[in-house]
Structure formats: C-alpha cells, structure tokens
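Because the structure is predicted, anything quoted here is derived from the model rather than measured. Proteins come first, then strands; the chains are lettered A, B, ... in the order of their sequence lines, and each starts at number 1.
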Amino acid sequence: LNGTKNKRRKWDISKLIYMDNIAPADAIKRWNGEADETEVEEDLEDDEDTEFFTQKTNTTPNKAVTYHDDLERFIPYFDTFNDLVERWSTADSIKDRFVGKPSLN
Amino acid sequence: MSSSSRYVTFEGSRNFRLRVVMATLSGKAIKIEKIRSDDLNPGLKDYEVSFLRLMEAVTNGSSIEISYTGTTVIFRPGIITGGSYTHQCPNSKPVGYFAEPMLYLAPFSKKKFSILFRGITSSHNDAGIDAIKWGLMPIMEKFGVRECALHTLKRGSPPLGGGEVHLVVDSLIAQPITMHALDKTMISSIRGVSYSTRVSPSLVNRMIDGAKKVLKSASCEVNITADVWRGENSGKSPGWGLTLVAENKQGWRIFSEAIGDAGDVPEDIGASVAYHLLEEISKSGVVGRNQLPLTILYMIIGKEDIGRLRITKDQIDERFVWLLRDIKKVFGTEILLKPVDDNTTDLIATIKGIGFTNTNKKIA
C-alpha cells in the first residue's frame with residue numbers, strides 16, 4: 001500500500017504545465033493523481049490490433065480537436081443537461097458566492 | 001540565424017486565432033505547420049483565411065504566406081493600425097469568431113478601431129455578440145480600456161445570417177494596468193438578454209421563464225430582458241438564444257450563453273443556460289473559463305510588474321495548459337501558480353508582465 005502511495009508523488013502544477021513532453025490531458029491527470037502508470041500500460045496491451053489506426057492518429061497534432069483542448073471553441077465544456085439538473089437542484093453549494101437579496105423565508 | 005529560429009513554430013490548427021494575435025502583439029513571426037494535414041480537407045478553412053485577411057486589414061506591413069496545400073502558414077506581423085473597415089464574415093463562422101480576437105489588439109493600435117462585421121451573429125461554438133458586450137468588454141475595462149462598445153445594428157441567425165455588428169474601441173492605451181484580483185467574485189445580480197429573430201416573441205418569454213425557474217434557488221436578483229427583432233433588422237433566418245451574465249459590484253462578470261435550434265424547447269434552452277451559469281460560477285475564481293485567455297494575455301503584456309489572479313482548480317483544464325504553453329512559446333514567460341491558504345483548492349496565478357508598450361504610443 002505504501003508503495004503505491006509513494007508512486008503517486010505530488011506534482012507541482014506550475015512545472016507540469018510547461019513540461020512539453022507531457023500531453024496537457026496527462027498533465028492534468030497526473031496533477032490530480034488520477035493516472036498511475038499501471039493504467040497506461042494496461043491500455044496499451046488491450047488494444048493491439050483493433051485500435052491500430054486510432055492510435056496512429058492519436059499521436060499526430062491534428063487529432064480530432066475537441067473542445068477539451070482547443071480555444072478556437074469559445075464555449076467551455078459542460079456536463080450533460082441531466083447531470084447539471086441533478087447537481088443544481090439547489091444552489092446551496094455556491095450560496096456563499098451571492099450577495100444582496102436576503103432570502104425571503 | 002538558422003531558419004528554425006526565425007519563426008516561432010506551431011503545429012496543428014489549435015488556437016489558431018490566438019497564435020496569430022500573440023504574434024502580432026509580440027512582433028514575432030510565426031509559422032504554423034501541419035494544419036489539418038491528416039484531414040480529408042487539409043489546410044486552412046475559409047474562415048481562417050478570412051480571419052487572416054482581417055488581420056492584414058487592421059495591421060500595416062503584415063505578410064502572410066500560405067503554402068500551396070494550405071497546411072502551412074507563415075505570418076510576419078506588422079504594426080497594429082486599426083482604422084475603419086468593413087468585414088464580410090463567411091457564413092461558416094459568426095461575427096464573434098472575428099470580433100473576439102480584435103479585442104486583444106484594438107487598445108494597442110495607432111488609430112481607433114471601428115470595424116463593421118457582417119454575417120451571422122450567433123452560434124453554438126463561438127462568442128455571441130451579447131457575450132462579448134457583457135462578458136468580455138467588462139474585462140477590458142478592468143485593464144484600463146474604458147471606451148469600447150459593440151453596437152448591434154442587425155441580428156442575423158444561422159444559417160443565412162444577415163446581421164451587422166459595429167465594434168468601436170476608442171481607448172488607445174500604452175499598456176494594460178497591472179491587476180491584482182485575489183477575491184472570488186461575489187455575485188450581486190444576474191442579468192440576461194433573451195433574443196429572437198424572425199420567430200414568435202413568445203419563444204423569448206418562454207426562455208426567460210425556463211431560466212428564472214432554475215435561478216430561483218440563487219439568492220440574488222434576476223433580471224432578464226426580452227429582445228425581439230423584427231423586420232429588416234432581424235437578418236435572413238429565424239433563430240433565438242439566451243445570454244446570462246452574473247455580475248458583481250466590482251465589475252467582474254461571469255456569463256453563459258446558448259442558442260436554440262429548430263425543434264428545441266425554449267424552456268429547456270433557458271434552463272440549460274441557467275444551469276451552465278451556476279456551473280460556471282461554481283467553477284470560476286475571479287473570471288469564468290471563457291474569459292481566462294483574454295485576462296491572462298492582458299496580464300502577460302502588462303507592465304514589468306507582477307499581477308495576480310485567483311483561479312480555481314477546475315479552471316486548470318487542457319485548454320488552460322495549451323494557452324500557457326503557447327504564451328510561453330511566443331512571449332517566453334511562465335506563470336506561477338501558488339495555492340491559497342484559506343481552506344479552498346484555489347490557486348493564485350502570479351503573472352509577470354513582459355513590459356510591452358504600444359509601439360504607436362511612444363511617450364515623448
């Protein structure tokens with residue numbers, strides 16, 4: 001257990017951002033402590049033949065540009081409507097962000 | 001000098017406009033390679049060429065070289081001159097796509113910017129005119145660009161457009177003010193514009209109803225304006241949309257927007273924009289995610305002084321990393337992120353300006 005914990009070292013986001021050899025998506029994952037190396041290895045073993053083509057395109061700089069990584073798309077990414085409905089049934093979690101009108105009840 | 005070091009080289013079509021804008025501000029030539037080189041339609045799109053034309057029009061001495069296949073562009077920037085110009089936007093992108101990058105350049109120009117954009121005024125992916133007016137221009141105001149306006153002369157919904165928008169930036173400043181924004185934006189009211197062109201005005205009110213229902217749980221004043229466009233000024237296609245802006249007394253804004261398609265339920269669009277606004281508020285520190293590039297770039301080109309901006313952990317996404325990497329490539333500066341010590345996961349972005357000065361504003 002301790003071994004795995006040590007592997008997940010704490011990354012400094014200021015440095016991680018400017019490590020050009022790490023893809024931005026991976027940089028964010030490492031910072032959040034999500035991606036550990038075993039996961040990545042498994043991925044590689046799983047899709048040998050089937051995803052041969054997709055893997056190839058993934059390495060090019062022109063991979064399908066999604067709104068996760070391109071500022072050309074102005075509107076940022078949001079979860080699906082249903083997820084948002086669930087999360088924001090009340091705005092209590094951001095109550096401290098509002099000032100002004102006192103609550104009526 | 002070797003040929004590789006003459007240009008700052010980028011790959012791919014990512015952040016195309018921002019890269020060109022940064023090149024212009026820094027005065028460095030850039031080369032963008034492999035633009036959609038694996039695509040079925042390789043090379044620049046019509047709207048990107050149109051954008052380069054616009055850049056050529058508002059600068060003096062820019063040179064643009066596009067390779068035969070259109071997959072490589074070399075852009076050598078000239079000086080920003082501004083002036084009056086009419087830009088016909090292709091129907092593949094709305095005016096927001098072209099007007100937004102102009103905001104980065106306009107205050108640092110020789111003459112005042114007065115650009116008339118013709119085309120589509122709203123879309124799913126690009127900045128709407130209300131978002132620019134109520135969301136991005138207040139940010140510029142924070143940096144000392146006080147006199148800027150976007151006048152909506154005609155609205156034009158996709159697919160045919162026919163809208164007309166006039167961008168006027170009268171403030172010409174030497175450099176942006178160094179800014180320190182360390183407190184989370186406290187929202188004091190929510191305003192909005194619900195607009196429609198060539199459809200029944202009831203759609204506008206239904207959108208307002210949908211949004212208000214969601215925002216009832218937000219404990220602040222909600223005020224949404226109905227803006228129905230009729231006749232000649234409403235473009236060539238029917239369309240409708242909603243922009244919501246959460247504002248505070250200090251002048252910071254957080255906003256969200258969406259437009260409806262045929263078959264969408266207006267109440268749902270209204271509700272979804274309202275949900276997006278709540279989500280954006282929860283994710284944002286001082287500014288929203290769609291205002292971050294503008295804010296950070298203005299801070300980068302500020303005085304050689306250190307500015308600070310509070311951001312949240314959620315705001316550090318892939319787009320943010322790409323933005324900072326591109327900035328480092330062009331300007332050579334890194335920003336430092338320090339955690340805040342007040343029980344939140346927020347960070348303070350410490351940004352040192354590069355000491356850029358408006359070349360047209362030499363102080364005697």
Interface moiety of [X] toward chain A, non-hydrogen atoms closer than 4.5 Å:
| X | result |
| --- | --- |
| B:Glu280 | both |
| B:Ser284 | both |
| B:Leu292 | neither |
| B:Phe255 | side chain |
| B:Ile327 | neither |
| B:Ala258 | neither |

Top contributor to chain A contacts, counting heavy-atom pairs under 4.5 Å, from [options]:
| options | value |
| --- | --- |
| B:Leu323, B:Asp126, B:Leu215, B:Leu278 | B:Leu278 |
| B:Lys313, B:His124, B:Lys328, B:Lys338 | B:Lys313 |
| B:Asp326, B:Thr185, B:Leu336 | B:Thr185 |
| B:Leu18, B:Ile335, B:Ile190 | B:Ile335 |

(message) Could you tell me if B:Arg17 sits above the aromatic ring of B:Tyr97, with its cationic atom closer than 6.0 Å to the ring centre and no more than 45 degrees from the axis?
(response)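 Ring-cation test returns yes.
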Does either side chain, that of [X] or that of [Y], offer a donor lying less than 3.5 Å from an acceptor on the other one?
| X | Y | result |
| --- | --- | --- |
| B:Asn125 | A:Arg73 | yes |
| A:Thr80 | A:Asn82 | no |
| B:Trp252 | B:Glu247 | no |
| B:Ser92 | B:Asp46 | yes |

(message) Looking at A:Asp83, is its backbone amide N or carbonyl O close enough to the side chain of A:Glu86 to form a donor-acceptor pair, meaning the two atoms are under 3.5 Å apart?
(response)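 Side chain of A:Glu86 to backbone of A:Asp83, a donor-acceptor pair under 3.5 Å: no, none is there.
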(message) I'd like to verify something: which residue of A:Lys15, A:Arg87, A:Arg97 has the highest number of heavy-atom pairs under 4.5 Å with chain B?
(response)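 Option with the greatest count: A:Arg97.
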(message) Using a 4.5 angstrom heavy-atom cutoff, name the option from A:Leu16, A:Ile13, A:Val85 with the most pairs to chain B.
(response)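 Result: the option with the highest number of such pairs is A:Val85.
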(request) Identify which part of A:Ile28 has an atom lying under 4.5 Å from any heavy atom of chain B, answering side chain, backbone, both or neither. (result)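 Side chain of A:Ile28 only, per the 4.5 Å heavy-atom cut-off to chain B.
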(request) Check whether A:Asp96 gets within reach of chain B through its side chain, its backbone, both or neither, counting any heavy atom under 4.5 Å. (result)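 Looking at A:Asp96, just its backbone touches chain B.
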(request) Any chance you could measure B:Phe51, atom CZ, to B:Cys89, atom SG, to the nearest 0.5 Å? (result)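 That separation rounds to 11.5 Å.
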(request) Only one of B:Arg19, B:Arg36, B:Lys93 passes salt bridge (Lys or Arg N to Asp or Glu O under 4.0 Å) with B:Glu48; say which it is. (result)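 By the salt bridge (Lys or Arg N to Asp or Glu O under 4.0 Å) criterion, B:Glu48 pairs with just one of B:Arg19, B:Arg36, B:Lys93: B:Arg36.
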(message) For a 4.5 angstrom cut-off between non-hydrogen side-chain atoms, does B:Arg191 reach B:Glu221?
(response)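 A side-chain contact under 4.5 Å is absent here.
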